[in-house]
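The structure appears right after this line, and notes come after that.
In what follows, chains carry the letters A, B, and so on, assigned in the order in which the sequence lines appear, proteins first and then strands, with residues in each chain numbered from 1. Keep in mind that the numbers below use all heavy atoms, side chains included, and drop hydrogens, waters and symmetry copies.
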Amino acid sequence: MNTRVRFAPSPTGYLHIGSARTALFNYLYSHHTGGKFLLRIEDTDLARSTEESTRSILDGLAWLELNHDEEIVFQSDNADKHRATALKLLEEGKAYRDFTPKAAPSDANVKDAIKDRARAAQGEKNMRDNPYRDLSTDEGDARAAAGEPFAIRMKVAETGKTSFEDAVYGLQERDYAETEDLVLLRSDGHPLYNLAVVCDDIEMAITHVIRGQDHLTNAHKQVLIYEALGVTPPTFAHLPLIMAPNKGKLSKRKHGEVVSMRTYRDAGFLAVAFRNFLALLGWSAGEEREIYSLDELVQKFSLDGIHRSNAIFNFTENDPRRWTDDKAQWMNAEYIRTMPVAELLPFVKAELKGAKLWREEYEPEGRALTESISSTADAGADERPAVVAIDTPEHGSYDWFVQTINLIRQRFFTLKDFSSQGRAYFSEDYDFDPAAIEKNLNKFPDLKTWLPELADRFEAEFADEDAQACASARAIHSTFTEENIVRVVKAFTEEKGTKLGAIMNGARTLLTGVAVGPSMLAVFETLGKERSILRLRSKIAWNP
RNA sequence: GUCCGGUUCGUCUAGGGGUUAGGACACCGCCCUUUCACGGCGGCAACACGGGUUCAAAUCCCGUACCGGAUACCA
């Protein structure tokens with residue numbers, strides 16, 4: 001049997017973290033089993049469903065690259081079929097008309113009202129005491145014909161129980177006495193959730209229903225409908241819930257943006273990283289490992305690995321550094337600094353474009369960013385290269401760009417960092433971090449004259465650079481290399497009787513605007529002689 | 001209230017009769033280093049509680065506590 005699963009969100013808001021994980025698990029399971037991953041928009045609650053929500057959910061899924069097979073099903077399109085099914089059940093005596101007038105909606109919190117009602121009815125409540133349950137067909141027909149409104153309810157048997165084997169939670173049993181005669185069709189003819197879900201799942205030939213654990217009791221009601229319809233229910237697999245740090249419900253209303261997929265996209269997260277993080281929330285392959293490619297997740301995913309206990313999505317409100325889960329942030333940083341640079345480049349390009357820092361020279365004609373990169377750029381990990389580059393890529397060239405990204409990504413956490421912290425590498429117009437100025441410049445007043453002097457020294461020492469012939473169109477044979485720079489700076493430092501660190505940190509602040517970054521020698525070389533000199537002479541940082 | 005489910009470091013988790021209870025994030029320390037949020041090494045830190053069963057229980061059983069979910073003419 002070919003596996004067919006579906007992700008079935010109701011479009012009442014953006015795609016949030018819990019739904020995203022449900023979608024992911026469905027996707028992983030379908031791909032693992034070689035089946036289909038379908039998408040159904042459960043828009044039967046007309047009052048709350050919006051097109052904007054649908055778009056937002058689709059956007060979120062697209063960002064996470066959880067592409068569905070087959071066409072999207074909109075549940076509201078099937079309302080007629082749902083109604084027909086309810087009528088069929090009515091005809092077969094498996095459901096009945098309930099002429100009880102619809103109760104006025106409570107103005108208090110709905111959940112609380114329901115809880116209070118349930119508590120109050122405790123002990124005396126018999127789920128089968130509806131006076132219309134055994135109304136004769138004739139009388140029912142007559143009242144219906146007279147135009148009296150009625151809801152259609154499922155006629156749940158007096159004794160017995162529903163049971164099913166949940167792929168995550170095991171055998172689930174529920175006595176009929178615990179299940180009310182659920183409404184299938186509202187008195188205004190509107191089909192309700194449980195009916196609609198069952199009809200659509202049958203129609204879509206769904207084999208596995210993978211969804212949040214909050215649907216566990218709905219599964220019993222749905223089993224009842226499947227049985228009445230004479231259809232074998234699909235396999236259910238309920239997922240543990242994702243909770244807020246206080247173990248409470250993670251809600252859009254209460255926690256806002258932190259639960260929205262869009263937030264992560266906009267904050268410079270890599271979908272591949274966030275997906276990886278999500279996969280490990282409530283599921284484990286049983287190994288001591290955190291980083292998995294999509295293919296690996298697909299290959300290793302199994303329903304057995306899903307947990308039964310809820311997971312907390314950990315974040316601290318009002319703490320800018322901890323605005324979202326630490327591990328999610330780490331995961332993103334890990335991907336940014338270790339993924340093949342060629343895969344990262346397109347994302348950096350988009351980020352720089354958005355910040356108006358992108359230059360076409362970074363991606364010359366016929367040279368796509370994703371093409372495999374020269375060996376030095378892909379080496380990755382060591383950001384303190386001892387190797388002296390003889391042919392330095394010309395500032396602004398493709399090779400320079402790749403090398404620079406590879407250099408600066410080592411300490412970045414999000415894509416945003418390329419245009420904020422990394423701005424000075426791509427523009428002359430960058431800001432200076434006040435704390436960096438205070439720590440690295442103001443504390444050493446001498447630097448105000450020394451740094452411009454160092455610029456003079458560079459100019460004198462590396463005067464021959466431009467005279468050198470270009471080995472290739474993209475590289476200049478330069479003496480402005482780390483090996484030579486360190487020699488000059490060291491000599492300069494000794495001459496001034498100061499510490500190397502003072503000079504380097506001052507220079508870093510002037511050249512990059514921030515106090516952290518790669519090896520300063522690499523920064524000099526990357527920025528090139530001209531820019532380094534220009535910035536060392538700049539007075540902006542001193543008098544912002 | 002009732003029904004259902006859950007409980008291993010702060011968080012994500014591995015382990016499921018005999019383990020020094022493992023890993024990751026976070027945190028702390030040391031090293032590297034011109035800085036650093038990179039890297040390396042190390043540290044802190046957990047089986048909810050009480051009874052059983054057993055030679056042996058974090059692991060199996062029962063109970064308690066706590067947490068969560070459900071209990072709509074919402075989805």
Side-chain angles (χ1 to χ4, degrees), chain A residues 8-10 12 42-45 47-49 75 98 100 102-103 105-106 110-111 113-123 125 149 151-153 169-170 172-175 177-180 182-188 190 192-194 196-197 212-218 220 238 240-241 243 245 247-249 277 280-282 284 286-291 307-315 321-322 325-331 333 337 381-384 409-413 436 439-440 486 489 493 499-509 514-521:
Chain A
S10 53
T12 55
E42 310 224 312
D43 56 348
T44 58
D45 187 339
R48 291 194 299 154
S49 299
Q75 190 156 62
D98 181 1
T100 310
K102 186 180 171 184
S106 157
V110 192
K111 290 262 180 198
I114 288 161
K115 198 172 176 182
D116 289 345
R117 191 196 311 165
R119 212 196 318 267
Q122 178 54 32
K125 172 86 171 175
I152 295 183
R153 301 190 95 109
Y169 287 93
Q172 298 293 306
E173 294 184 308
R174 191 174 171 91
D175 204 286
E178 301 293 337
T179 303
E180 62 161 357
L182 59 140
V183 172
L184 265 18
L185 212 59
R186 238 156 50 176
S187 51
D188 61 3
H190 185 82
L192 253 22
Y193 175 74
N194 284 302
V197 165
Q213 182 248 69
D214 49 338
H215 286 292
L216 217 34
T217 49
N218 278 330
H220 284 98
H238 287 91
L241 271 16
M243 314 302 288
K247 294 185 197 288
K249 199 170 179 171
F277 169 75
L280 265 18
L281 219 47
S284 151
E287 8 176 60
E288 295 185 345
R289 181 178 162 189
E290 335 288 325
I291 305 293
H307 306 154
R308 279 153 289 270
S309 54
N310 295 341
I312 290 174
F313 183 61
N314 207 9
F315 60 93
R321 250 188 88 209
R322 295 261 168 96
D325 197 292
D326 278 331
K327 204 154 191 173
Q329 300 201 57
W330 167 80
M331 188 84 72
R337 58 189 172 234
D382 191 1
E383 34 72 43
R384 281 164 284 172
R409 69 171 168 151
Q410 298 303 330
R411 284 181 179 75
F412 286 173
F413 276 68
K439 182 180 156 208
N440 295 332
V486 73
V489 177
T493 304
K499 283 184 295 191
L500 190 61
I503 298 290
M504 290 299 204
N505 291 333
R508 176 190 303 286
T509 305
V514 292
V516 302
S519 153
M520 197 50 212
L521 296 171

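Between A:Ile291 atom CD1 and B:rC25 atom C1' there is a gap of 11 Å when expressed in whole angstrom units. Put simply, NZ on A:Lys327 is 12 Å from C1' on B:rC9, counting in whole angstrom units. Look at CG on A:Asp325: it is 12 Å from C1' on B:rA24, rounded to the nearest Å. One interatomic measurement links the two molecules: CG of A:Leu280 to P of B:rU11, which rounds to 17 Å at whole-angstrom precision. In this entry the distance linking CG of A:Leu281 with P of B:rA24 reads 19 Å, nearest Å. At whole-Å resolution of the value, CE in A:Met331 and C1' in B:rA26 are 14 Å apart.
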Any protein N or O atoms within reach of nucleotides 20-22 of chain B? Criterion: under 3.5 Å, listing atom names and distances.
| residue | atom | partner | partner atom | Å |
| --- | --- | --- | --- | --- |
| B:rG22 | O2' | A:Glu288 | OE1 | 3.2 |
| B:rG22 | O2' | A:Glu288 | OE2 | 2.8 |
| B:rG22 | N3 | A:Glu288 | OE2 | 3.2 |

Between protein and nucleic acid, restricted to nucleotides 65-73 of chain B and to nitrogen or oxygen atoms under 3.5 Å apart, what atom pairs and distances do you find?
| residue | atom | partner | partner atom | Å |
| --- | --- | --- | --- | --- |
| B:rG68 | O2' | A:Asn310 | ND2 | 3.0 |
| B:rG69 | O2' | A:Gln213 | OE1 | 3.3 |
| B:rA70 | O2' | A:Thr217 | OG1 | 2.3 |
| B:rC73 | OP2 | A:Arg153 | NH2 | 3.4 |
| B:rC73 | O2' | A:Lys102 | NZ | 3.4 |
| B:rC73 | O2 | A:Ser187 | N | 2.7 |
| B:rC73 | O2 | A:Ser187 | OG | 2.9 |
| B:rC73 | N3 | A:Ser187 | OG | 3.1 |
| B:rC73 | N4 | A:Thr100 | O | 2.4 |

Enumerate all atom pairs, one protein N or O and one N or O from nucleotides 27-31 of chain B, separated by less than 3.5 Å.
| residue | atom | partner | partner atom | Å |
| --- | --- | --- | --- | --- |
| B:rC27 | OP1 | A:Arg321 | NH2 | 3.0 |

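Here A:Thr44 reaches the OP1 or OP2 of B:rA75: one of its side-chain N or O atoms lies under 4.0 Å away. In this structure, A:Ser284 reaches the B:rA14 phosphate: one of its side-chain N or O atoms is under 4.0 Å from OP1 or OP2. A sub-4.0 Å separation between OP1 or OP2 of B:rC12 and a side-chain N or O of A:His307 is absent.
Residues satisfying the side chain to side chain contact (heavy atoms under 4.5 Å, CB included) test with A:Asp214, not counting sequence neighbours, are A:Leu241. For A:Arg308, the side chain to side chain donor-acceptor pair (under 3.5 Å) test picks out no residue, with sequence neighbours left out. Not counting sequence neighbours, the partners of A:Val486 by the side chain to side chain contact (heavy atoms under 4.5 Å, CB included) test are A:Lys490, A:Leu521. Remark: A:Ala333 pairs with A:Arg337, A:Phe413 by the side chain to side chain contact (heavy atoms under 4.5 Å, CB included) rule, at least two apart or across chains. For A:Arg508, there are no side chain to side chain donor-acceptor pair (under 3.5 Å) partners at least two apart in sequence or on another chain. Applying the ring pair (Phe, Tyr, Trp, His ring centres under 6.0 Å) test to A:His215 and every residue at least two apart in sequence or in another chain returns A:Tyr193. When the side chain to side chain contact (heavy atoms under 4.5 Å, CB included) test is applied to A:Arg48, the partners found at least two apart in sequence or on another chain are A:Thr12, A:Asp45. Under the rule for a side chain to side chain donor-acceptor pair (under 3.5 Å), A:Asp325 has no partner lying at least two apart in sequence or in another chain. Applying the side chain to side chain donor-acceptor pair (under 3.5 Å) rule to A:Asp326 yields the partners A:Arg322; only residues at least two apart in sequence or on another chain are considered.
When heavy atoms are screened at a 4.0 angstrom cut-off, A:Phe277 is found touching no nucleic acid atom at all. Residue A:Gly282 is in sugar-phosphate contact alone, with no base atom involved, counting any heavy-atom pair closer than 4.0 Å across all strands shown. Across all strands shown, A:Lys499 has no heavy atoms under 4.0 Å from either base or sugar-phosphate atoms. Within 4.0 Å of A:Tyr169, counting heavy atoms only, lie sugar-phosphate atoms of the nucleic acid but no base atom. Using a 4.0 Å heavy-atom distance criterion, A:Leu521 is classed as a base contact. Across all strands shown, A:Ala515 has heavy atoms under 4.0 Å from base atoms, whether or not it also approaches the sugar-phosphate. Contacts of A:Arg308 with the nucleic acid, taken as non-hydrogen atoms under 4.0 Å apart, involve only primed sugar atoms and P, OP1 or OP2. Within the 4.0 angstrom heavy-atom criterion, no nucleotide atom of any strand lies near A:His220.
What you find for A:Thr493 and A:Ile503 is that their closest heavy atoms are OG1-CG1, 3.9 Å.
Here B:rA58 sits opposite no nucleotide as a Watson-Crick or G-U wobble pair (both hydrogen-bonding atom distances under 3.5 Å). Partner assigned to B:rU35 is none, using Watson-Crick or G-U wobble distances below 3.5 angstrom. Of all nucleotides present, none satisfies the Watson-Crick or G-U wobble test against B:rG17 with each distance under 3.5 Å. The base-pairing partner of B:rC25, taking Watson-Crick or G-U wobble contacts with both distances under 3.5 Å, is B:rG10. Both distances falling under 3.5 Å, in either a Watson-Crick or a G-U wobble arrangement, place B:rG68 opposite B:rC4. In this structure B:rC49 sits in a base pair with B:rG63, meeting the Watson-Crick or G-U test at under 3.5 Å.
Across the P atoms, B:rG22 and B:rG16 are found 15 Å apart, a figure rounded to whole Å. Nucleotides B:rU19 and B:rA56, compared at atom P, are 14 Å apart to the nearest Å. Comparing the P positions of B:rU64 and B:rC28 gives an interatomic distance of 43 Å, to the nearest angstrom. B:rA48 sits 22 Å from B:rC4 when the P atoms are compared, rounded to a whole Å. Comparing the same atom, C1', in B:rG23 and in B:rG42 gives a spacing of 16 Å after rounding to whole Å. Across B:rC12 and B:rA26, the matching C1' atoms stand 11 Å from one another, rounded to whole Å. Of the P atoms belonging to B:rA57 and B:rC49, the separation is 15 Å, rounded to the nearest Å. One C1' atom belongs to B:rU11, the other to B:rC60, and the distance between them is 29 Å to the nearest Å.
With values rounded to the nearest 0.5 angstrom, A:Lys247 atom NZ is found 4.0 Å from A:Ile312 atom CD1. Put simply, CZ on A:Arg153 and CG on A:Leu184 are 10.0 Å apart, with the number rounded to the nearest 0.5 Å. Note: A:Thr509 OG1 to A:Lys439 NZ = 8.0 Å, rounded to the nearest 0.5 Å. Taking OG1 of A:Thr179 as the reference point, atom CZ of A:Arg174 lies at 4.5 Å (rounded to 0.5 Å). The OG1 atom of A:Thr44 sits 7.0 Å away from the CD atom of A:Glu42 when rounded to the nearest 0.5 Å.
Nearest-nucleotide positions on RNA chain B for A:Asn314 and A:Asp326 put A:Asn314 closer to the 5' end.
Across B:rA75, B:rU35, B:rU34, the shortest atom-to-atom separation from the side chain of A:Met504 is found for B:rU34.
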